[in-house]
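Structure first, then comments.
Every chain is numbered from 1 and lettered A, B, ... according to where its sequence line falls, protein lines coming before strand lines. What's counted below: heavy atoms across the whole structure, side chains too, no hydrogens, waters or symmetry copies.
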Number of protein chains: 2
Amino acid sequence: MKKISKELIGTSTIPIILSVLSKKESYGYEIIQRIKELSNGQIEWGEGTIYPVLHKLEKKGYITSSWKTSGSGRKRKYYNINIKGEQKLVSEKENWTVIHQLILKLWNIEPNLI
Amino acid sequence: MKKISKELIGTSTIPIILSVLSKKESYGYEIIQRIKELSNGQIEWGEGTIYPVLHKLEKKGYITSSWKTSGSGRKRKYYNINIKGEQKLVSEKENWTVIHQLILKLWNIEPNLI
DNA sequence: AAATATACATAGAAGTTCGATGTATTAAAA
DNA sequence: TTTTAATACATCGAACTTCTATGTATATTT
C-alpha cells in the first residue's frame with residue numbers, strides 16, 4: 001500500500017501543468033491564460049507562481065524547454081513533456097483520484113460509516 | 001468572478017478535516033485513523049501534520065476543542081466544528097469542485113478545446 | 001505618445017508539510 | 001512480569017511552496 005506524500009497531496013499545480021503540456025507544447029504565459037479560460041476565470045495563477053514550478057519540473061527532468069520566436073518577433077520559452085513526465089502524470093492522476101474518492105466519501109457516499 | 005487563493009489550491013487537508021468534523025466531533029489521532037481507513041490505507045497523515053492544522057483551525061475560529069477522558073482513562077482533545085467552520089467548508093467545497101472540474105476537462109472532456 | 005498586453009525572471013515573506021523527537025498512559029505480547 | 005506496541009498529545013527545524021512585488025523588455029492598442 002503506497003503512501004501518498006506531500007509531493008501531490010498539497011499541490012494541484014503539477015498535475016495541471018503536466019496535463020496541459022501532455023496535450024500540446026506551451027509556454028508559461030499561455031498556460032496561465034489556458035487555466036483561467038478552462039476554469040471560467042475562477043483560477044488565476046500569477047506569473048510568480050508558475051515560472052518557479054516550470055523551472056522545478058525541468059530541473060527534475062519531466063519537461064524540456066526551448067526558446068522560439070513567434071511571427072510577431074516575441075520570444076517564448078516553450079515547454080515539452082517527455083516520457084518521464086508522462087509517467088509522472090500517470091502517478092499524479094492516481095494520487096488525485098485517491099484524494100478525490102476520499103472527499104466524495106466524506107461528502108456524499110457512505111455517510112453511515114461515520 | 002472570485003479568485004481562488006492558496007488557502008485551498010494548495011491543500012486538501014482543510015476540507016478533509018472540516019468534512020470529518022461536520023459529521024461527528026473527533027480528535028486528532030482518530031482523524032488520522034479515519035482518513036487512512038476511508039482511503040484504504042493510501043493516505044497516511046503523520047501526527048506532526050495534523051496537530052498544527054487543528055491548532056490553526058481553532059485559532060481561526062472554525063472549530064472548538066475540549067478535553068475529555070474516555071472510559072479507559074485516556075485523555076483526548078475533542079474538536080467540534082462551529083457555524084463559521086461550516087461556512088468555511090461550503091466555500092472549500094466550491095473551490096475543490098472548481099479545481100476538479102478543471103482537471104476533468106484536462107483529462108477527458110473537451111480535448112478539442114486544446 | 002502613452003497605456004496595455006505579452007513574456008520572461010527572481011527575491012523576499014509567509015505559510016505549509018514532514019520527519020524527528022519528546023512525554024505519558026494503556027493494552028497486548030513475550 | 002517485563003517489554004513492546006498502540007494510543008494520544010505537542011513542538012521543533014528543515015524543506016518546500018506560494019504569493020506579492022519588482023524588474024526587464026517587446027509588441028500592440030488607444
Subject >> Results of side-chain hydrogen bond (donor to acceptor under 3.5 Å, both in side chains) for B:His100 - residues two or more places apart only >> reply: A:Trp96, A:His100
**OP:** Check whether any side-chain N or O of A:Tyr51 sits under 4.0 Å from OP1 or OP2 of C:dT10, and answer yes or no.
**Re:** no
Original post:
Under 4.0 Å between a side-chain N or O of B:Lys77 and OP1 or OP2 of D:dA10?
Top reply: yes
Original post:
Got a sec, which residues hit salt bridge (charged side-chain N to carboxylate O under 4.0 Å, His left out) with A:Glu58, two or more places apart in sequence or on another chain?
Top reply: none
**OP:** Ignoring the backbone of B:Thr49, work out which of D:dC9, C:dT17, C:dA7 is nearest its side chain.
**Re:** C:dT17
Original post:
Just how far is it from atom CD1 of B:Ile50 to atom CD1 of B:Ile31, taken to the nearest 0.5 Å?
Top reply: 4.5 Å
Subject >> Nucleotide D:dT18, atom P - distance to NE2 of A:His55 in whole Å >> reply: 15 Å
Original post:
A:Ile17 has an atom CD1; how far is it from atom C1' of D:dT18, in whole Å?
Top reply: 12 Å
**OP:** Would you mind building the protein contact string for nucleotides 20-27 of chain C? One character per nucleotide, 5' to 3', B for base within reach (heavy atoms under 4.0 Å), S for sugar-phosphate only, - for untouched.
**Re:** B----BBS
Subject >> B:Ser39 (side chain) donor-acceptor with B:Ile43 (main chain) under 3.5 angstrom >> reply: yes
Subject >> Between P of C:dC18 and NZ of B:Lys56, the distance in whole Å >> reply: 13 Å
**OP:** Give a yes or no on whether the backbone of A:Leu38 and the side-chain of B:Lys105 come within a donor-acceptor separation of less than 3.5 Å.
**Re:** yes
**OP:** Starting from P on C:dT16, measure out to CD1 on B:Ile16 and report it in whole angstrom.
**Re:** 15 Å
Original post:
Whole-Å distance between D:dA10 C1' and B:Tyr29 OH?
Top reply: 15 Å
Subject >> Residues A:Glu30, A:Lys24: salt bridge by 4.0 Å N-O rule >> reply: yes
Subject >> Atom pair distance, as rounded to whole Å: CD in B:Gln33 and C1' in D:dA8 >> reply: 10 Å
Original post:
Rounded to whole angstroms, how far apart are CD1 on A:Ile50 and P on C:dA9?
Top reply: 11 Å
Subject >> Residue pair B:Asn82 / B:Tyr62: nearest heavy atoms and the distance that separates them >> reply: OD1-O, 2.9 Å
Original post:
Is the shortest side-chain N/O distance from B:Tyr27 to OP1 or OP2 of D:dA8 below 4.0 Å?
Top reply: yes
Subject >> With A:Tyr51 via ring-ring contact (aromatic ring centres under 6.0 Å, His included) - residues at least two apart >> reply: none
**OP:** Find the distance A:Lys68:NZ to C:dA7:P and express it as a whole number of Å.
**Re:** 14 Å
Subject >> Where at least one partner belongs to residues 68-82 of chain A, residue pairs that pass salt bridge (charged side-chain N to carboxylate O under 4.0 Å, His left out), sequence neighbours excluded >> reply: A:Glu25-A:Lys68
Original post:
Between the two end axes of the helix from C:dA1-D:dT30 to C:dA30-D:dT1, each built from 5 base pairs, what angle do you get to the nearest 10°?
Top reply: 20°
